[in-house]
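Taking it in order: structure first as structure tokens, then the write-up.
Numbered from 1 within each chain, the chains take letters A, B, ... in sequence-line order.
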Protein chains: 2
Amino acid sequence: MAEKKKKEALSTEEKIITAARKLFMQKGYDATKTRDIAKEAGINLALLNYYFRSKEKLFELVMEENMGQFMMVIGNIVNNEETSMEQKIESLVANYIDMLTRVPDMPLFVMTHMKNNPQRLKMRERFLGSHFMKQVQEGIKKGEITPINPVNIMINIVGLTIFPFIGRPMIQNNNGITTEQFNALMQERKKLIPKWIGAILKAK
Amino acid sequence: MAEKKKKEALSTEEKIITAARKLFMQKGYDATKTRDIAKEAGINLALLNYYFRSKEKLFELVMEENMGQFMMVIGNIVNNEETSMEQKIESLVANYIDMLTRVPDMPLFVMTHMKNNPQRLKMRERFLGSHFMKQVQEGIKKGEITPINPVNIMINIVGLTIFPFIGRPMIQNNNGITTEQFNALMQERKKLIPKWIGAILKAK
DNA sequence: GTCTATAATTCGATAGAC
DNA sequence: GTCTATCGAATTATAGAC
């Protein structure tokens, strides 16, 4: 019974969302036409409005889903009181790289949307007030970590992890590497980034 | 005579390009309407086609200008045979941060465009085959630098430098900091990033 | 629920007067 | 060179049959 895997088991509603998610991420809101979505979903144009009222409503749905996914990873990891600072960094980096390898267009999509639709993501509480940050502050007190602006830690971890996916066209086209090679490089970075962050935190 | 500074001294052609540059960077190609550009330039819609034939031609003009600016910085610095590796990194980071502080929307604009319009930027020759990279290879031979994939060096320098501008909405909105504070943070990073890159290159 | 046909609007581009 | 007016295509959304 519970065979969610079957592609043909998708309801019309799900087919439309799946198509919309794909096209919106690939080409952006304005470049994606409702006709494209209908065609990609294999349904009629009118059904799109029947289920979702408008293109914008459909977009908002896809967008919320993405923002949630993009941010969800952080919370659980960063406030786990049973892991070390190093373990948290490893986990953060690995989780993001795994997710972005599946949906590589997500970061550019999310960043573009946030640029024109600023919204609080409660990252202040999630990240700056997290157990992870307390561990960093402790490390600084003990002299194990060079004093650093918490915002810079966030920028560096997130930047080193997700920037490659944003700059992927630049990276791939100019180094003549395939998608497989790119993905392999990201897998390597899973181990390297935590090491590098460690070095950054100790740099004088 | 030569008073290019005067705002009112702009020709109609220049007024259109200036408006187009602003709006294309702000909202992207599809979301920018020719009517918006005309209004922003303070001229009539018909003049846009009179001077530039089509919206697409106008976009290509603005785009080439941007790509050139975005890439220009690299070449000269990275192949200067009279500077040390450390000096090159400092110079690269400082130049990009200064440029992006003036036009903070540029990176997202360029990355979005490259995603759908892959093009060779000759960065392979510019960066991977540069004097800078030869200095890195030497450092590795001498044991002063931990062996590292050249592509990762590029990703890390570029990522740490320009990612903050791509993720600016996220960074600003979630830490409650103003644009002035953001810019000050970027100025600090001018000194910090070279130090961090140094630490990364020595991390074992 | 799903389709065809079409209404209503927007947008890029052009014609033609000045 | 610059403007007003408008064309024609594309696009979102809806009406109405099945």
Side-chain angles (χ1 to χ4, degrees), chain A residues 1 3-4 6-66 109 112-113 115-117, chain B residues 1 3-4 6-66 109 112-113 115-117:
Chain A
M1 285 288 182
E3 42 186 342
K4 264 194 178 178
K6 285 273 184 182
K7 282 186 180 179
E8 296 310 315
L10 289 178
S11 71
T12 300
E13 204 173 342
E14 288 167 329
K15 279 194 277 188
I16 297 174
I17 290 200
T18 303
R21 181 168 38 224
K22 175 179 170 184
L23 292 178
F24 279 139
M25 283 215 292
Q26 212 167 78
K27 314 200 295 179
Y29 180 79
D30 291 281
T32 299
K33 308 304 175 186
T34 51
R35 280 173 172 76
D36 301 340
I37 298 176
K39 193 176 176 185
E40 173 78 26
I43 53 95
N44 189 274
L45 174 58
L47 281 179
L48 193 147
N49 293 81
Y50 174 77
Y51 280 104
F52 301 97
R53 221 176 75 88
S54 74
K55 177 185 176 182
E56 201 178 337
K57 291 278 181 199
L58 178 55
F59 179 79
E60 283 169 17
L61 209 72
V62 171
M63 199 62 230
E64 264 181 53
E65 180 192 81
N66 269 281
F109 181 61
T112 300
H113 183 254
K115 175 171 171 293
N116 300 316
N117 303 76
Chain B
M1 286 287 184
E3 41 185 343
K4 266 192 178 178
K6 285 272 185 184
K7 280 186 182 181
E8 296 309 316
L10 289 178
S11 70
T12 300
E13 205 175 339
E14 288 168 330
K15 278 194 278 188
I16 297 174
I17 290 199
T18 302
R21 181 168 37 224
K22 175 179 171 184
L23 292 179
F24 279 138
M25 284 215 290
Q26 211 166 78
K27 314 200 294 177
Y29 180 79
D30 291 284
T32 299
K33 308 304 175 188
T34 51
R35 282 171 172 77
D36 301 339
I37 299 175
K39 193 176 177 184
E40 172 77 27
I43 53 94
N44 190 274
L45 174 59
L47 280 179
L48 193 149
N49 294 81
Y50 174 77
Y51 279 105
F52 300 98
R53 221 177 74 91
S54 74
K55 178 186 177 182
E56 201 178 336
K57 290 280 179 196
L58 178 56
F59 179 79
E60 283 171 17
L61 210 72
V62 171
M63 199 61 230
E64 265 181 53
E65 181 191 79
N66 269 280
F109 180 60
T112 300
H113 182 253
K115 174 169 170 296
N116 300 315
N117 303 75

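For A:Asn116, there are no side-chain contact (heavy atoms from CB on, under 4.5 Å) partners two or more places apart in sequence or in a different chain. Every residue two or more places apart in sequence or in another chain that forms a side-chain contact (heavy atoms from CB on, under 4.5 Å) with B:Thr32 is listed here: B:Leu23, B:Phe24, B:Lys27, B:Ile37.
The structure places CG of B:Leu47 at 12.5 Å from OG1 of B:Thr34, a figure rounded to the nearest 0.5 Å. Rounded to the nearest 0.5 Å, atoms CD (B:Glu13) and OG1 (B:Thr18) are 10.5 Å apart.
At whole-Å resolution of the value, CG in A:Asp36 and C1' in D:dA10 are 12 Å apart. The distance between atom NZ of B:Lys15 and atom P of D:dG1, rounded to the nearest whole Å, is 13 Å. For the pair A:Tyr51 OH and D:dA13 P, the interatomic distance rounds to 18 Å; values are reported in whole Å.
Listed for the A:Lys115 side chain is a donor-acceptor partner under 3.5 Å among the backbone atoms of B:Gln26.
Sorted by first and then second residue, the pairs that involve residues 54-65 of chain B and meet salt bridge (Lys or Arg N to Asp or Glu O under 4.0 Å), not counting sequence neighbours, are B:Arg21-B:Glu65. Annotation: ring-ring contact (aromatic ring centres under 6.0 Å, His included) contacts involving residues 32-53 of chain A, sequence neighbours excluded, are absent.
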Under 3.5 Å, N/O pairs linking protein and nucleotides 12-18 of chain C:
unit_1, atom_1, unit_2, atom_2, d
C:dG12, OP1, B:Lys55, NZ, 2.9
C:dG12, OP2, B:Thr34, N, 2.9
C:dG12, OP2, B:Thr34, OG1, 2.7
C:dG12, N7, B:Arg35, NH1, 2.8
C:dG12, O6, B:Arg35, NH2, 3.1
C:dA13, OP2, B:Lys55, N, 2.8

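For the OP1/OP2 pair of C:dT2 and a distance below 4.0 Å, the side-chain nitrogens and oxygens of A:Thr12 include at least one atom meeting the criterion.
More than 12 non-hydrogen atoms from other residues, nucleotides or ligands lie less than 6.0 angstrom from NZ of B:Lys33.
Comparing the axis of the opening five pairs of the helix from C:dG1-D:dC18 to C:dC18-D:dG1 with that of the closing five pairs yields an angle of 10°, rounded to 10°.
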